[in-house]
Protein chains: 2
Amino acid sequence: MATPDDVDRIIEQWRRERPELDLAAMATFGRLGRLFAHLGRAVDETFTRFDLQRGEYDVLAALRRSGAPFVLTPSALSDVLMLSRAGMTNRLDRLEAAGLVERRANRSDRRSMLIALTETGATLTDEVTTLHVANESALLSDLTPDERHHLDTITRKLLSRFE
Amino acid sequence: MATPDDVDRIIEQWRRERPELDLAAMATFGRLGRLFAHLGRAVDETFTRFDLQRGEYDVLAALRRSGAPFVLTPSALSDVLMLSRAGMTNRLDRLEAAGLVERRANRSDRRSMLIALTETGATLTDEVTTLHVANESALLSDLTPDERHHLDTITRKLLSRFE
DNA sequence: ATCGAATAATACGGCGTCGAACTATATGCC
DNA sequence: GGCATATAGTTCGACGCCGTATTATTCGAT
């Protein structure tokens with residue numbers, strides 16, 4: 001048995017107070033939630049070094065990986081990043097002010113805009129991404145190859161219910 | 001090989017644009033992030049039915065599982081819920097206004113307060129918790145016993161670096 | 001015993017997000 | 001062809017959280 005952690009202590013409290021409940025799933029959710037909080041902070045350190053927020057990087061990354069000419073509509077960005085349209089408008093305002101993206105007219109649909117990475121934005125994105133993926137790899141480096149494979153299988157299975 | 005999902009498509013884009021990067025960890029993080037977003041929404045449905053927010057429930061739950069007389073200090077709550085002191089003051093204001101907790105003087109340290117579940121708060125918490133754990137169990141019901149065990153082992157291992 | 005440092009909770013200002021309302025443009029049906 | 005409906009993006013107001021400053025109280029070293 002592994003050494004008890006914070007979640008074990010929480011579950012033990014619940015078991016004492018509400019012994020009739022099935023708490024296995026609560027333990028899993030508790031670990032996932034806390035893990036997500038910690039990993040989020042660790043990941044953000046990379047972005048902070050470049051005066052970026054995670055959400056801003058997510059926009060730059062979506063544009064960059066879409067390939068040349070690095071152009072997407074705000075709606076497409078909203079959908080892929082699971083962010084409201086209003087929130088996307090706000091992010092794009094910031095990125096545009098920072099000179100990392102620019103808004104262009106969409107000649108085929110005048111309701112729409114096209115968001116394009118600037119030269120500066122593309123260069124920055126490549127630089128940040130290199131460090132970001134290295135950081136992510138390091139954060140998972142404690143896991144064995146089998147464990148990584150299991151984690152991917154499980155998250156893929158759970159995700160399939162939603163996407 | 002499992003059917004490709006949204007994250008597979010994202011990784012495939014990166015592979016085309018930046019073939020020199022090791023993207024395995026990015027795929028894992030991508031699935032974890034999206035999964036967390038979806039699970040969060042699914043979990044919140046239970047709380048919304050009781051006019052609660054997840055963060056508010058977290059406070060009630062921490063008090064409830066601490067056992068009778070269901071009393072903790074704001075600082076203890078901040079620590080266990082990984083929330084700033086300012087954020088906790090705000091949550092407690094709302095919970096107090098809703099009549100679910102009450103602030104009491106701490107006779108042994110006059111800098112401090114004691115937060116106590118009210119009778120109403122304790123009853124509500126028990127009711128919500130019953131449904132909440134059932135919902136969490138249902139959300140993991142696609143996983144085999146082996147997969148659940150793997151998930152717990154992996155998250156426990158990753159968490160140990162932080163806690 | 002006293003004074004400086006640490007701690008508890010709160011107040012304040014700012015930030016990022018959301019939902020709803022709004023404007024402009026496009027689509028589809030009769 | 002014209003009009004209702006849908007869609008794209010933005011604006012607005014509200015909300016929850018954070019970091020910092022503030023006030024009150026306690027702890028600790030001398």
Side-chain angles (χ1 to χ4, degrees), chain A residues 33-34 36-38 40-45 47-48 51-60 62-63 71-98 100-116, chain B residues 33-34 36-38 40-45 47-48 51-60 62-63 71-98 100-116:
Chain A
R34 297 175 81 90
F36 194 76
H38 288 299
R41 278 178 209 160
V43 160
D44 286 345
E45 287 172 15
F47 304 133
T48 302
D51 279 309
L52 281 175
Q53 300 179 89
R54 197 193 320 175
E56 293 168 355
Y57 169 79
D58 288 342
V59 173
L60 299 177
L63 291 166
V71 168
L72 291 171
T73 64
S75 295
L77 287 166
S78 293
D79 293 341
V80 70
L81 300 182
M82 301 199 291
L83 177 70
S84 73
R85 304 289 148 100
M88 185 55 66
T89 295
N90 189 21
R91 278 191 200 173
L92 293 174
D93 286 346
R94 278 177 274 146
L95 289 168
E96 191 175 35
L100 302 175
V101 308
E102 59 184 27
R103 284 178 164 95
R104 296 180 188 160
N106 184 347
R107 260 182 282 281
S108 68
D109 185 342
R110 287 194 298 177
R111 292 172 304 182
S112 178
M113 300 261 94
L114 292 177
I115 309 300
Chain B
R34 297 176 82 89
F36 194 76
H38 289 299
R41 276 177 209 162
V43 160
D44 286 344
E45 288 173 15
F47 304 134
T48 303
D51 279 310
L52 281 174
Q53 299 179 81
R54 198 193 319 176
E56 293 168 355
Y57 170 79
D58 288 342
V59 173
L60 299 177
L63 291 166
V71 168
L72 291 171
T73 64
S75 292
L77 286 166
S78 293
D79 292 341
V80 69
L81 300 183
M82 301 199 291
L83 176 71
S84 72
R85 304 291 151 104
M88 184 54 65
T89 296
N90 189 19
R91 278 191 199 175
L92 293 175
D93 286 347
R94 278 177 276 143
L95 289 168
E96 191 175 33
L100 302 175
V101 308
E102 60 183 27
R103 285 178 163 96
R104 297 181 187 161
N106 184 347
R107 259 182 284 281
S108 68
D109 185 342
R110 287 192 299 178
R111 293 171 302 182
S112 178
M113 298 263 97
L114 291 177
I115 308 300

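Here the structure is a predicted model, which is why all the values come from computation and not from measurement. Sequence lines set the chain letters: A, B, ... in the order given, protein chains first and strands last, and positions in each chain run from 1.
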_Using whole Å, what does the distance between atom C1' of nucleotide D:dC18 and atom CZ of A:R54 come to?_
15 Å
*Would you mind reading off the distance between A:R107 atom CZ and C:dT25 atom P, rounded to a whole angstrom?*
16 Å
*Could you give the CZ-to-P distance, from A:R110 to D:dT10, as a whole number of Å?*
17 Å
*asked:* Once salt bridge (charged side-chain N to carboxylate O under 4.0 Å, His left out) is applied, do any residues pair with B:R85, and if so which ones, sequence neighbours excluded?
replied: B:D79
*Compare every heavy atom of A:P74 with every heavy atom of A:M113, then report the nearest pair and how far apart it is.*
O-CD, 3.5 Å
*Under the side-chain hydrogen bond (donor to acceptor under 3.5 Å, both in side chains) test, which residues partner B:N90, sequence neighbours left out?*
none
*Quick one: salt bridge (charged side-chain N to carboxylate O under 4.0 Å, His left out) partners of B:R110, sequence neighbours excluded?*
none
*Can you list the residues that meet the salt bridge (charged side-chain N to carboxylate O under 4.0 Å, His left out) rule with B:E45, with sequence neighbours excluded?*
none
*Atom CG of A:L81 and atom C1' of C:dC18: how far apart are they, to the nearest Å?*
16 Å
*Which residues pass the salt bridge (charged side-chain N to carboxylate O under 4.0 Å, His left out) test with B:R103, sequence neighbours left out?*
B:D93, B:E96
*Summarise protein proximity over nucleotides 6-13 of chain C in one line of letters, 5' to 3': B for base, S for sugar-phosphate only, - for none, counting protein heavy atoms closer than 4.0 Å.*
BBSSBB--
*Taking CG from A:L52 and P from C:dC15, how many angstroms apart are they, rounded to a whole number?*
17 Å
_I'd like to check the side-chain hydrogen bond (donor to acceptor under 3.5 Å, both in side chains) partners of B:S112; sequence neighbours left out, ordered by chain and number._
B:N106
*Can you check the A:L95 CG to D:dT10 C1' distance for me, whole Å?*
16 Å
Got a list of protein N/O to nucleotides 13-17 of chain D N/O distances below 3.5 Å?
from: D:dG16; atom 1: OP1; to: B:Q53; atom 2: OE1; distance (Å): 3.3
from: D:dG16; atom 1: OP1; to: B:Q53; atom 2: NE2; distance (Å): 2.5
from: D:dC17; atom 1: OP1; to: B:R91; atom 2: NE; distance (Å): 3.2
from: D:dC17; atom 1: OP1; to: B:R91; atom 2: NH2; distance (Å): 2.9
from: D:dC17; atom 1: OP2; to: B:R94; atom 2: NH2; distance (Å): 2.8

*For B:F36, ring pair (Phe, Tyr, Trp, His ring centres under 6.0 Å) partners two or more places apart*: A:F36
*asked:* What is the separation between atom OH on A:Y57 and atom P on C:dG16, rounded to the nearest whole Å?
replied: 19 Å
